[in-house]
Amino acid sequence: MLKRNQLGNKSIVIIKTIIHAMCLYFLMSRFYFAFTDQLGGDPVQAIIHFTGMSAFKLLLLTLAVTPLAQWSQQGKLMRIRRMLGLWCFTFAVAHFYSYTAFDLHFDFLLLGSEVIKRPYITVGFFAWVLLMLLAITSLPILVRKLGKRWKRLHNWIYASALLIGVHFWWSVKADITEPVVYFVMVVGLLSLRWQKLKRYLGSARR
Amino acid sequence: MLIRTKSHQDLTEAEVTDESVFQNRRSVLKRMGFIGAGSLLGGVPAANAGLLDWLSGEDQTKGKPTVSQKALSYTDSSHRVDETITTEHKATTHNNFYEFGLSKSDPSQNAQSFQVDPWSLTIDGEVENTITLGYEDLFSYPLEERIYRLRCVEAWSMVIPWVGFPLAALLKKAQPTSKAKYVAFQTLYDPKQMIGQTSRFLGGGIRYPYVEGLRLDEAMNPLTLMSVGMYGKTLPPQNGAPIRLVVPWKYGFKSIKSLVKITLTEKQPPTTWNLSAPQEYGFYANVNPKVDHPRWSQASERRITTGGLGADKRIPTLPFNGYADQVASLYTGMDLRRFY
Ligand code: HEM
């Protein structure tokens, strides 16, 4: 196979720079607007909504990297996967923090009881813990140390994506069209890996 | 005196329709995330803008300038809570009014060309006198200002200076018959003006027209207000112009907006949120810190007054939203856990 149109290292650096700049810009500007009361009547709800949706979208983009790299035969694209995943976690941290700090005002008793009592929060919390484990173990030194186990561990991203789909679904008050569309996107991205998942689940059972 | 020519009105109506059709389409696409996702996958030259939309969650819809609100004359009343009043800007840009879109900022953007004059509000059903009020009639009762707490079922609250008159004044004029036990309320149904009523995507999947209800004794309680204004002026459309109900001891969704019909009934009338999710929203919907919403605690609330992120406070929620003295007696002997 001829590989004439491969992305060079330079292109990857440019793509990465753009992603960093965009994520940083949106995160900072939204919080700036929220703190200066330029984000509608209730900046708290607006920021929880924004960080949650952004984290979810970044997760979908993270999951889209591998199929996209395969389909376009641009192996180097894989190098942006880690940073997308880490940005997803960054927004998820901002989301959880906003809820705890600005919605609950650090009422940790209330936080604890909400995590236990409200299924949609419980599910979001588990998804968040998974993302945290994956973010920590994406440190290069840990990637090396974990070796083969790293892949198995990072397959949990699929579970996390499904949980977030459910979290979104259960969080809406009335019409579920939007979460359903997102859920379908998650399932679509997972189905592209159906063979791999089947093998993995099979081996886990044995 | 307001003079309008025919052609002027025609023009306005045409604009309204165009705008709502446009907003409608844009809004469906936006909510699906397709404006971004589509261009993301298509890789067209405009992809960047689309991708930015999708990532930023930027709301592209821009409203027209606010419709003019008229100053009202009114007297003060003794119903004034002594707490910090929410800024007018927050109270008029953070609204649940699904008829004009699902997000809190949608109504203030999508409702600005809403026509309130002419208007017609009918009081009928189990009454001796059926009454129909036109736009001007809505302001014919002695108006007073009342500063009430507003507690949303979503666990946030505001303090709002309403201008209006007791519902009891209106009902007394209509003279309920001996059969009348309940009062049913109905919001305008006009999909041409209210984009939320055009499809379930835009309307949140609840049924329209929006309907609410009270027991007759609740409706006759002196606290129950027909509001025609706030902050000294007529209501802006997103807050329920030209006339709405305000029931301060109940969750906000009971305080139905843009009323066209009030019907006295013998049986308990259906109510919109109860039809949509009966296990989450009851007929009574009295503010009650002891009875949680299935998905969040009602024990405390975030009081929105002024300022940016972190400026609000979380405060304990009071039984009947602090109006227990005036209304608790309406419910003696009732199990408020069962009749939530
Ligand atoms: C400790 C974990 C989490 C907590 C406590 C939490 C809490 C919340 C809350 C309170 C809402 C708002 C619901 C509403 O206003 O109706 C929400 C919505 C949402 N969350 Fe989370 N969440 C958590 C984890 C996550 C994670 C890990 C993600 C994605 C990566 C996520 C994505 C979303 C999305 C997409 C929404 C819907 C946005 C909206 O409609 O406002 N959440 N979450």
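Small disclaimer: the values here were computed from a predicted structure and weren't measured. By convention in this document, chain letters (A, B, ...) are assigned in the order of the sequence lines, proteins followed by strands, and residues within each chain are numbered from 1.
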May I ask you to decide if [Y]'s main-chain N or O and [X]'s side chain share a donor-acceptor pair within less than 3.5 Å?
{"X": "B:Thr86", "Y": "B:Ile304", "result": "yes"}
{"X": "B:Arg149", "Y": "B:Asn321", "result": "yes"}
{"X": "B:Thr93", "Y": "B:Ser105", "result": "no"}

Completion exercise
If one checks every heavy atom of B:Arg302 against chain A at 4.5 Å, the contacting part turns out to be side chain
Exercise for the section: Tell me, for B:Ser300 versus chain A, whether the close heavy atoms (under 4.5 Å) come from the side chain, the backbone, both or neither. Expected result: side chain
Non-hydrogen atoms of chain B under 4.5 Å away: do they reach the side chain of [X], the backbone, both or neither?
{"X": "A:Phe102", "result": "both"}
{"X": "A:Asp103", "result": "both"}
{"X": "A:Ser171", "result": "backbone"}

Exercise for the section: Identify which of B:Ala277, B:Pro294, B:Ala299 forms the greatest number of heavy-atom pairs closer than 4.5 Å to chain A. Expected result: B:Pro294
Problem - Residue among B:Tyr98, B:Phe283, B:Tyr340 satisfying ring-ring contact (aromatic ring centres under 6.0 Å, His included) with B:Trp273 - result: B:Tyr98
Exercise for the section: Show your reasoning for whether side-chain contact (heavy atoms from CB on, under 4.5 Å) applies to B:Asn95 and B:Asn239. Expected result: CA-CA 7 Å; B:Asn95 309 101; B:Asn239 293 80; 3.3 Å; yes
Fill in the blank from the handout: Looking only at A:Leu27, A:Val180, A:Ile121, A:Leu104, the option with the highest number of non-hydrogen pairs under 4.5 Å against chain B is A:Leu104
Completion exercise
Per-residue tally against chain B (heavy atom, under 4.5 Å) across A:Leu110, A:Leu68, A:Ile176 peaks at A:Leu110
Practice task
Just say parallel, tilted or perpendicular for the rings of A:Trp128 and A:Phe89, cut-offs at 30° and 60°.
Solution key: tilted
